[in-house]
2 protein chains.
Amino acid sequence: MSQAVEFPVNSLVFLTNRVGRLLANEIRKRTALDELGLSAQHMGILVDLWVKEGVRQQDLAVSNIKDKGTIARALQSLEAANIVVRIPDQEDKRNKLIYLTHRGRSLREELLPEAQQTVQEATEGIPEEDLAICKRVLSQIYQKFTCNHK
Amino acid sequence: MSQAVEFPVNSLVFLTNRVGRLLANEIRKRTALDELGLSAQHMGILVDLWVKEGVRQQDLAVSNIKDKGTIARALQSLEAANIVVRIPDQEDKRNKLIYLTHRGRSLREELLPEAQQTVQEATEGIPEEDLAICKRVLSQIYQKFTCNHK
DNA sequence: TTCAATTGGTTGCATTTGCAACGAGAACGC
DNA sequence: GCGTTCTCGTTGCAAATGCAACCAATTGAA
């Protein structure tokens with residue numbers, strides 16, 4: 001019972017959800033995203049592509065936790081902005097494989113430093129050890145779900 | 001440099017953002033939210049109200065990390081569904097103070113168990129200690145921002 | 001081979017969202 | 001007092017989102 005009373009604001013859903021949007025907002029405000037004509041949604045896709053290119057739209061949808069239709073439209077605008085290209089897969093003609101352009105790759109160096117700086121300030125005063133544990137826990141949950149779902 | 005390379009998927013922004021949406025989605029799928037005519041956005045507001053009633057729409061916007069216009073519209077539909085009431089503040093007529101109805105309070109017992117169950121399964125196998133640290137870290141970040149911002 | 005079931009991508013639709021402009025009320029200055 | 005500035009809530013608008021329906025390509029089974 002006492003656990004139930006404490007639940008909401010101490011729950012992992014509550015905390016991850018709000019801190020996630022908090023940090024994302026902060027980064028959007030402080031980076032040049034707007035001037036580049038990009039939004040936070042685009043950045044989410046870019047992060048995935050910076051890790052691995054040549055993936056299908058469906059893969060991006062799963063890892064981004066967004067609908068495939070949403071991803072399709074976001075990629076349309078990213079392609080129009082010359083940041084990604086969608087190349088039809090010769091082996092399976094249903095697929096389109098997504099690659100970054102030069103511009104897309106260079107955005108990494110333009111955007112990441114400010115993002116890191118934001119996180120840096122947000123986590124100031126928190127022991128490095130605790131942070132590491134926190135990230136490991138979240139990573140475990142994320143991977144459990146994204147692996148199951150594919 | 002090696003830190004920069006590792007950044008994206010190991011970053012606190014990335015992890016909180018995705019795990020947050022992941023868990024919220026999972027809960028939405030598994031609770032009776034849809035049948036009640038509610039969405040995840042409504043649940044976010046309800047969580048705040050379960051903790052404290054009689055707050056202004058502006059307060060809800062800050063803690064929910066949403067635009068005040070968004071909150072205004074969400075509260076309109078919640079009021080239409082007889083879940084909250086918006087009472088004009090006599091002391092400062094600009095404000096409307098938000099309270100739960102009986103229905104709104106009873107929703108807590110209907111929705112929380114499934115949410116807890118979802119988190120339970122998502123965190124299965126993760127040491128209780130690590131989870132506690134993770135939550136404490138996130139809570140510190142959340143409170144730092146929401147306090148500063150108001 | 002041929003037909004059913006599945007999968008990937010696109011599109012229409014209704015809802016949600018942030019931003020900006022607006023109006024009402026309050027606080028502060030003069 | 002009176003006007004300026006600020007805050008709170010509302011609304012219009014464009015963008016983002018999930019869902020469902022759709023088409024094309026692949027897979028699997030009869």
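We name chains A, B, ... by the order of the sequence lines, and we start the count at 1 in each one.
Taking atom CG of B:Leu97 as the reference point, atom C1' of D:dG9 lies 12 Å away to the nearest angstrom. Atom pair A:Gln90:CD and D:dT26:C1' shows a separation of 15 Å (rounding to whole Å applied). Straight-line distance from the CD1 atom of A:Ile71 to the P atom of C:dT11: 16 Å, rounded to whole Å. Residue B:Leu38 contributes atom CG, which lies 14 Å from atom C1' of C:dT16 at whole-angstrom precision. Atom CD in A:Glu91 sits roughly 13 Å away from atom C1' in D:dT26 (whole-Å rounding). Taking atom CG of B:Asp89 as the reference point, atom P of C:dG25 lies 13 Å away to the nearest angstrom. When the P atom of D:dA24 is taken as reference, atom CD of A:Gln57 falls 17 Å away, rounded to whole Å. Distance CG (B:Asn95) to P (C:dA26): 9 Å, rounded to an integer number of Å.
The terminal axes of the helix from C:dT1-D:dA30 to C:dC30-D:dG1, fitted over 5 pairs per end, subtend an angle of 20° to the nearest 10°.
Looking at A:Ser63 and A:Asp48, their side chains do bring a donor and an acceptor atom within 3.5 Å of each other. B:Arg136 and B:Ser139 share no donor-acceptor pair across their side chains, judged by distance under 3.5 Å alone.
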Got a list of protein N/O to nucleotides 2-7 of chain D N/O distances below 3.5 Å?
unit_1 : atom_1 : unit_2  : atom_2 : d
D:dT7  : O4'    : B:Arg94 : NH1    : 3.4
D:dT7  : O2     : B:Arg94 : NH1    : 3.2

*asked:* Generate the contact string for nucleotides 15-23 of chain D. Rules: B means base contact, S means sugar-phosphate contact only, - means no protein heavy atom under 4.0 Å.
replied: -SBBB----
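With hydrogens and angles ignored, the 3.5 Å screen pairs a side-chain donor or acceptor of B:Asp89 with a backbone N or O of B:Glu91.
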*Can A:Arg103 and A:Glu110 be said to form a salt bridge (charged side-chain N to carboxylate O under 4.0 Å, His left out), step by step?*
CA-CA 10 Å; A:Arg103 180 84 194 104; A:Glu110 292 178 47; 2.9 Å; yes
*Start with the C-alpha distance between A:Gln120 and A:Glu124, add both sets of side-chain angles, then the distance that settles side-chain hydrogen bond (donor to acceptor under 3.5 Å, both in side chains), and finish with yes or no.*
CA-CA 6 Å; A:Gln120 177 71 30; A:Glu124 210 157 25; 5.5 Å; no
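In this structure, B:Val55 and A:Asp92 both approach DNA chain D, and ranking their closest nucleotides by distance from the 5' end singles out B:Val55. Residue-to-nucleotide proximity on DNA chain C shows that, of A:Arg86 and B:Lys93, the 5′-proximal contact is made by A:Arg86.
Residue-environment remark: CD (B:Glu128) stays at or below the threshold of 12 foreign heavy atoms within 6.0 Å. At most 12 heavy atoms of other shown residues, nucleotides or ligands fall within 6.0 angstrom of atom CD in B:Glu129.
Considering NZ of A:Lys52 and CG of A:Leu100, their distance stands at 13.5 Å, rounded to 0.5 Å.
Ionic pairing of B:Glu121 and B:Arg30 is present here: one or more N-O contacts between side-chain nitrogen and carboxylate oxygen are shorter than 4.0 angstrom. Using a cut-off of 4.0 Å between Lys/Arg side-chain N and Asp/Glu carboxylate O, A:Glu79 and A:Lys96 are scored as not salt-bridged.
Using a 4.0 Å cut-off, no side-chain N or O of B:Gln76 falls inside it from OP1 or OP2 of D:dG9.
Between B:Arg28 and B:Met43 there is no side-chain heavy-atom pair separated by less than 4.5 Å.
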